[in-house]
Q: 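The structure's right below; bear with me while I get my questions together.
All values derive from a computational prediction rather than experimental measurement.
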Amino acid sequence: EALEGLFAERDREAEALAGVEARLAEVEAEAAAADERARAARRRESEAAEGRHRLELERAEMEGRLLRVRERVEVEWARPWEALAAAAGAVEEGDPEAWRREAREAAAQVEALGPINMLAVEEHAEEDRRLRFLLEQQSDLTRARDDLAAAIRQINKTAREVFMGTFEAVRENFHRTFRSLFEGGECDVWLAEPDDPLESPIEIHASPRGKKTQRIHLLSGGERTLTALSLLFAIYLVKPSPFCLFDEVDAPLDEANVGRFIQLLDDFKEQTQFVVITHNPRTMEAADWIYGVTMEEPGVSSIVGVELEGAYALGERTATPLM
């Protein structure tokens, strides 16, 4: 019985021990959970401390930015912040978020502008004066250009009218002088580009009597010379000249054409003094004065002049017998 009692007591103690162990396990679990909660709390505390430190830094930065903004506003407006804040008053309407967005955009635009140039007003005034001056110069140049263009158009118009009038007069005289030199035939001058008479080449057509119509470059040397003389005297009739010089123009002419040339000079010599450089005896015979270059002594040239009319008169008086 005593042994049974001991076994029963042992069983009771074992049950109590099992209960104590279960409770110990629960306490250990609770302790582990508490420890975990403590570690989590310490982490949160550390994070909170870091967050607080970060917020303090942000606050200090914001306070610094606010201070700089106030100083900038005070410098730009030249008034203390308190006076500006009092004058601004309270804003009662509108969306604060929209204002913030607008303020950020304005700040970005201001930042993009860069540093403020305090001399911008004076520079703008100077540039504005320069711009007005240049605009006036441009206006003057434009007016001058228009005036020059109008003058050029007027000059071209007048030049065309004068040229065409002179050209037609020369053309009529060319017909008359050509027929006089060639004793007939046909000739003409015309503009290769009638729409631009001042820049147009001039075509010359000449057809002496008995020949087919042809361009002047197909004529013989003598015919080209007479044609050129016809055109020269046609121009002369439009604008006469008191003095005219010919340099061996009769060299390519035959006897008959030399006679026509001399007759042409004789027709015009009352109005113009002709100086003819020639080696043709017939031309010399028709001259009123002859000037020649001779060498009376070796190496010494001299000019000799003879008035043919006076020489003829002197010869006639010498040939007349004295009474």
Side-chain angles (χ1 to χ4, degrees), residues 170-189 201-320:
V170 170
R171 186 165 176 262
E172 294 296 328
N173 294 334
F174 183 47
H175 294 165
R176 186 167 61 256
T177 56
F178 184 86
R179 295 190 186 99
S180 175
L181 281 176
F182 285 95
E183 298 179 354
E186 297 179 356
C187 67
D188 199 5
V189 291
I202 296 177
E203 298 289 342
I204 302 176
H205 155 78
S207 177
R209 186 179 61 176
K211 291 190 176 184
K212 295 182 179 180
T213 302
Q214 53 187 323
R215 299 293 180 92
I216 188 173
H217 65 276
L218 299 177
L219 300 175
S220 64
E223 291 171 339
R224 285 200 300 269
T225 300
L226 289 181
T227 303
L229 288 172
S230 301
L231 184 58
L232 175 64
F233 278 95
I235 298 173
Y236 164 80
L237 290 173
V238 175
K239 190 174 180 63
S241 173
F243 182 81
C244 186
L245 173 65
F246 293 106
D247 187 4
E248 299 188 19
V249 296
D250 56 353
L253 301 179
D254 54 17
E255 290 296 323
N257 289 333
V258 168
R260 295 171 187 170
F261 171 62
I262 294 173
Q263 182 61 43
L264 184 66
L265 295 182
D266 190 63
D267 294 340
F268 287 96
K269 72 178 183 179
E270 297 298 330
Q271 304 174 7
T272 300
Q273 181 179 6
F274 294 99
V275 177
V276 182
I277 300 173
T278 181
H279 295 284
N280 193 298
R282 290 194 60 187
T283 306
M284 297 180 190
E285 291 176 0
D288 296 329
W289 281 83
I290 295 179
Y291 293 91
V293 180
T294 182
M295 186 178 296
E296 297 179 352
E297 300 178 11
V300 180
S301 298
S302 61
I303 298 177
V304 178
V306 177
E307 184 182 1
L308 295 185
E309 292 182 358
Y312 293 150
L314 179 61
E316 292 175 357
R317 288 196 302 270
T318 304
T320 302

Q: So, for Val276 and Leu265, which heavy atoms are closest and what is the spacing to 0.1 Å?
A: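 Closest approach of Val276 to Leu265: CG2-CD1, 4.0 Å.
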Q: Taking all atoms of both residues into account, what is the closest heavy-atom pair of Met284 and Ile290, and its distance?
A: O-CD1, 3.6 Å
Q: For the residue pair Ile262 and Arg282, what are the closest heavy atoms and their distance?
A: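 Shortest heavy-atom separation between Ile262 and Arg282 comes out as CD1-O, 3.3 Å.
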Q: For Gln273, which residues count as a side-chain hydrogen bond (donor to acceptor under 3.5 Å, both in side chains) partner, sequence neighbours excluded?
A: none
Q: Less than 4.5 Å apart, any side-chain heavy atom of Phe261 and any of Thr225?
A: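 No, too far: nothing below the 4.5 Å cut-off.
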Q: Sequence neighbours left out, what passes side-chain hydrogen bond (donor to acceptor under 3.5 Å, both in side chains) with Glu172? Give chain and number order.
A: none
Q: Please examine the side chains of Thr177 and Leu237, heavy atoms only from C-beta on, and report whether any two atoms are closer than 4.5 Å.
A: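 In contact.
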Q: Give the minimum heavy-atom separation between Glu186 and His205, together with the two atoms involved.
A: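 Looks like O-NE2, 4.3 Å.
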Q: Indicate the atoms forming the closest heavy-atom contact of Cys187 with Phe178, along with that distance.
A: SG-CB, 3.3 Å
Q: First locate atom CZ of Phe174, then atom CZ of Phe233, and finally report the distance between them rounded to the nearest 0.5 Å.
A: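 Those atoms lie 13.5 Å apart.
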Q: Apply the side-chain contact (heavy atoms from CB on, under 4.5 Å) test between Thr278 and each candidate in Asp250, Asp247, Val249; give the one that qualifies.
A: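 Only one of Asp250, Asp247, Val249 forms a side-chain contact (heavy atoms from CB on, under 4.5 Å) with Thr278, namely Asp250.
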Q: Please list, chain by chain and in numerical order, all residues satisfying side chain to side chain contact (heavy atoms under 4.5 Å, CB included) with Val238, sequence neighbours excluded.
A: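 Side chain to side chain contact (heavy atoms under 4.5 Å, CB included) check on Val238 returns Thr166, Ala169, Val170, Asn173.
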Q: Residues in salt bridge (Lys or Arg N to Asp or Glu O under 4.0 Å) with Arg176, at least two apart?
A: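 Result, salt bridge (Lys or Arg N to Asp or Glu O under 4.0 Å) vs Arg176: none returned.
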Q: Please list, chain by chain and in numerical order, all residues satisfying side-chain hydrogen bond (donor to acceptor under 3.5 Å, both in side chains) with Arg179, sequence neighbours excluded.
A: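 Partners of Arg179 by the side-chain hydrogen bond (donor to acceptor under 3.5 Å, both in side chains) criterion come out as none, since no residue qualifies.
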Q: Drop me the distance from Leu232's CG to Thr227's OG1, to the nearest 0.5 angstrom.
A: 12.5 Å
Q: Go through the structure and list residues passing side-chain hydrogen bond (donor to acceptor under 3.5 Å, both in side chains) with Thr272, not counting sequence neighbours.
A: Tyr236
